[in-house]
Amino acid sequence: MHPLRPELAAAPATRHAPVPATVRARFPALAEAGVVYLDSAATTQKPDSVIAAVTDYHRARTANAGRGTYGWATTLAARVEAVRARAAGFLGARHADEIVFTSGATAALGTIAHSWGLSALADGDEILYSPTDHAANVLPWHHLRDTLARFGRRIVLRPYRATRAGEADVDDILAQVGPRTRLITTTHLHHVYGGLSTLEELRGRIDPEILLCFDCSQSGGHIPVDLTALGADFAVFAGHKMFGAPGVGLLYCHRRVHDRLRPFLPGGGSGVRVTEDGLRGSGMPALLEGGTLNLPGILSLAPAFDLLEEIGPAAIAAHNRALTLRLIEGLRPLPGLDLLPGPAYADCAVGYGIVSFTLDGISAADLGFVLADAGFLVRTGAHCVPSAEDGAGSVRVSTQLYNTLDEIDRFLDRVSGIAGHRW
């Protein structure tokens with residue numbers, strides 16, 4: 001077990017100041033009586049400050065950033081750049097120009113595949129990936145391979161395994177790495193298993209020119225993330241999974257890869273121009289930001305960061321750890337219940353807010369309906385894992401700072417009752 005922040009695994013949940021109970025009141029949707037929201041891995045609820053940021057953009061001084069010299073436009077452009085700098089600082093990036101705004105984590109991973117992969121990869125180059133990751137970190141690489149093959153370049157995709165603890169199997173990765181390996185991509189916090197992968201065991205054991213890509217869709221807003229300490233060359237984040245509005249994401253590109261990137265979706269605002277030698281870009285991050293950005297979505301990230309910094313990522317991590325351990329403790333002895341890989345099988349007490357399971361005698365979909373009828377909102381199915389799309393799926397419980405131990409206990413009571421009377 002090699003988490004990015006070892007103290008999160010070793011320290012008791014009380015090490016950090018607890019999440020204030022009053023924080024729940026700042027999420028208007030949670031005021032609905034009889035509902036327990038346990039699907040934050042799909043999207044987080046939105047605090048009132050984020051809702052206000054989106055509506056305020058539409059209510060007053062609506063403009064397009066960087067498209068005019070009048071005050072509304074220039075002020076908005078400055079606010080967008082302030083959010084960019086804020087994101088860089090919050091995520092441990094050294095330079096603001098390493099942060100690109102996208103429409104989401106899926107778009108960010110697709111941008112890496114097309115902006116970097118199409119131009120940087122040669123015939124015979126290899127990418128290592130996990131088939132158990134989210135489709136957004138699997139399908140773009142297959143799409144890239146298929147696209148390159150149409151032009152006579154054949155790259156190799158090498159799948160690696162996940163461990164019982166839900167982490168990337170570093171030993172298997174090391175066995176797969178070869179002289180043509182160009183990229184290793186992994187999920188930082190697995191969206192189904194809840195296992196944390198930092199790949200730090202690879203340091204000093206692989207060619208430093210091999211690029212590392214992290215899907216941080218679930219870790220962002222759940223645990224402290226330091227991209228510099230992580231050694232990431234690429235990383236992606238979903239704004240809507242860290243209290244921001246949907247339709248906005250963050251793409252991190254380390255400066256060392258900037259000269260290997262080509263324009264993606266060139267157009268207005270991208271700084272791309274036509275020269276006698278072909279297309280030329282004005283540099284990052286504009287190179288990858290063609291078109292009109294999701295301005296209200298970007299502005300929503302500022303109050304989201306405010307909340308995350310007010311509570312503290314370490315406190316949020318400790319809170320989710322306590323909820324996860326309570327959940328695992330209550331689910332483990334239930335008859336017929338099978339916990340998927342993840343913290344339940346780790347060799348130390350860890351948990352990051354995601355637990356998935358199945359129950360004999362009832363499909364995941366039916367169990368989800370029964371739980372929803374009792375007010376517990378969970379995710380069921382294959383959870384966007386391409387290799388599992390034809391399977392029966394599982395139930396995924398995912399928590400955030402607004403969930404309570406009482407909610408977990410009531411959920412456990414309900415599942416226990418179903419397990420004792422399943423048909």
Side-chain angles (χ1 to χ4, degrees), residues 1-24 26-27 40-41 43-47 49-50 83-94 96 98-99 105 167 187-191 194-200 214-232 235-245 248-250 252 300-325 343 348-354 398-405:
M1 187 73 54
H2 296 277
L4 178 59
R5 303 282 188 174
E7 67 270 17
L8 297 182
T14 56
R15 176 186 178 96
H16 304 284
V19 174
T22 55
V23 74
R24 185 182 176 90
R26 293 157 67 173
F27 293 83
S40 288
T43 196
T44 53
Q45 296 301 305
K46 314 307 173 196
S49 55
V50 165
V83 174
R84 192 190 309 277
R86 184 84 177 277
F90 183 78
L91 299 173
R94 289 178 175 167
E98 295 175 322
I99 300 297
E167 304 168 355
T187 296
H188 189 209
L189 181 57
H190 200 278
H191 72 294
L196 184 68
S197 298
T198 67
L199 303 185
E200 72 174 77
F214 291 88
D215 178 359
C216 299
S217 298
Q218 300 298 343
S219 55
H222 277 83
I223 62 175
V225 177
D226 186 329
L227 294 171
T228 300
L230 198 58
V236 306
F237 298 82
H240 72 100
K241 296 187 181 185
M242 47 198 301
F243 306 120
V248 64
L250 299 171
Y252 168 78
S300 79
L301 295 177
F305 289 140
D306 287 341
L307 177 62
L308 289 167
E309 290 178 342
E310 174 191 339
I311 306 302
I316 296 171
H319 180 77
N320 279 312
R321 174 173 173 267
L323 297 177
T324 305
L325 293 176
C348 56
V350 295
Y352 305 98
I354 295 175
S398 53
T399 65
Q400 243 304 349
L401 58 84
Y402 36 65
N403 292 118
T404 66
L405 287 171

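Since the model is a prediction, treat every value here as computed from it, not as a measurement. All heavy atoms count here, side chains included; hydrogens, waters and symmetry mates do not.
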Give the intermediate values and the outcome of side chain to side chain contact (heavy atoms under 4.5 Å, CB included) for residues Asp215 and His191.
CA-CA 10 Å; Asp215 178 359; His191 72 294; over 6 Å; no
Can you tell me how far CD of Glu167 sits from OG1 of Thr198, rounded to the nearest 0.5 angstrom?
8.0 Å
Nearest-0.5 Å distance that lies between atom CD1 in Ile354 and atom CG in Leu189:
5.0 Å
All heavy atoms of Leu401 vs all of Val19, minimum pair found to be O-CG1, 3.7 Å
For Glu98 and Ala93, the nearest pair of non-hydrogen atoms, with its separation, is OE1-CB, 3.7 Å
Verify side chain to side chain contact (heavy atoms under 4.5 Å, CB included) between Asn320 and Ile223, making sure each step is shown before the conclusion.
CA-CA 9 Å; Asn320 279 312; Ile223 62 175; over 6 Å; no
Separation between CG (Leu230) and CD (Glu200), nearest 0.5 Å, reads 9.0 Å
Which label fits His188 and Phe214: parallel for a plane angle under 30°, tilted from 30 to 60°, or perpendicular past 60°?
perpendicular
Closest heavy-atom pair, Gly92 versus Asp226, reported as atoms and distance to 0.1 Å, is O-OD1, 3.7 Å
Polar side-chain atom of Thr399 near backbone of Leu323 as donor-acceptor pair, under 3.5 Å
no
Nearest 0.5 Å, what's the CG-CZ distance between Leu227 and Arg94?
11.0 Å
Close side-chain approach of Ile316 to Gln400, heavy-atom, < 4.5 Å
yes
Does Ser40 offer a backbone N or O that forms a donor-acceptor pair with the side chain of Ser398 under 3.5 Å?
yes
Are Thr44 and Tyr402 linked by a side-chain donor-acceptor pair shorter than 3.5 Å?
no
Would you say the side-chain atoms of Gln218 pair up with the backbone N or O of Ala41, donor to acceptor, closer than 3.5 Å?
yes
Those residues that, when tested against Phe243, pass ring-ring contact (aromatic ring centres under 6.0 Å, His included) (two or more places apart):
Phe27
Got Arg26 and Leu307 here, is their nearest side-chain heavy-atom distance under 4.5 Å?
yes
Within a strict 4.5 Å, meaning less than it, do heavy atoms of the Pro343 and Leu325 side chains meet?
no
For Tyr252, enumerate each residue passing the ring-ring contact (aromatic ring centres under 6.0 Å, His included) test, keeping only those at least two apart in sequence or located in another chain.
none
At their closest point, which heavy atom of Ala235 faces which heavy atom of Cys216, and how far apart are they?
CB-SG, 4.2 Å
Gap between atom CG of Leu301 and atom CG of Leu308 - 0.5 Å precision:
10.0 Å
For Thr324 against Tyr352, the heavy-atom pair lying closest together:
OG1-N, 3.8 Å
First locate atom NE2 of His222, then atom CE of Met242, and finally report the distance between them rounded to the nearest 0.5 Å.
10.5 Å
Under the side-chain hydrogen bond (donor to acceptor under 3.5 Å, both in side chains) rule, collect the residues that match up with Arg86, sequence neighbours excluded.
Asp306, Glu309
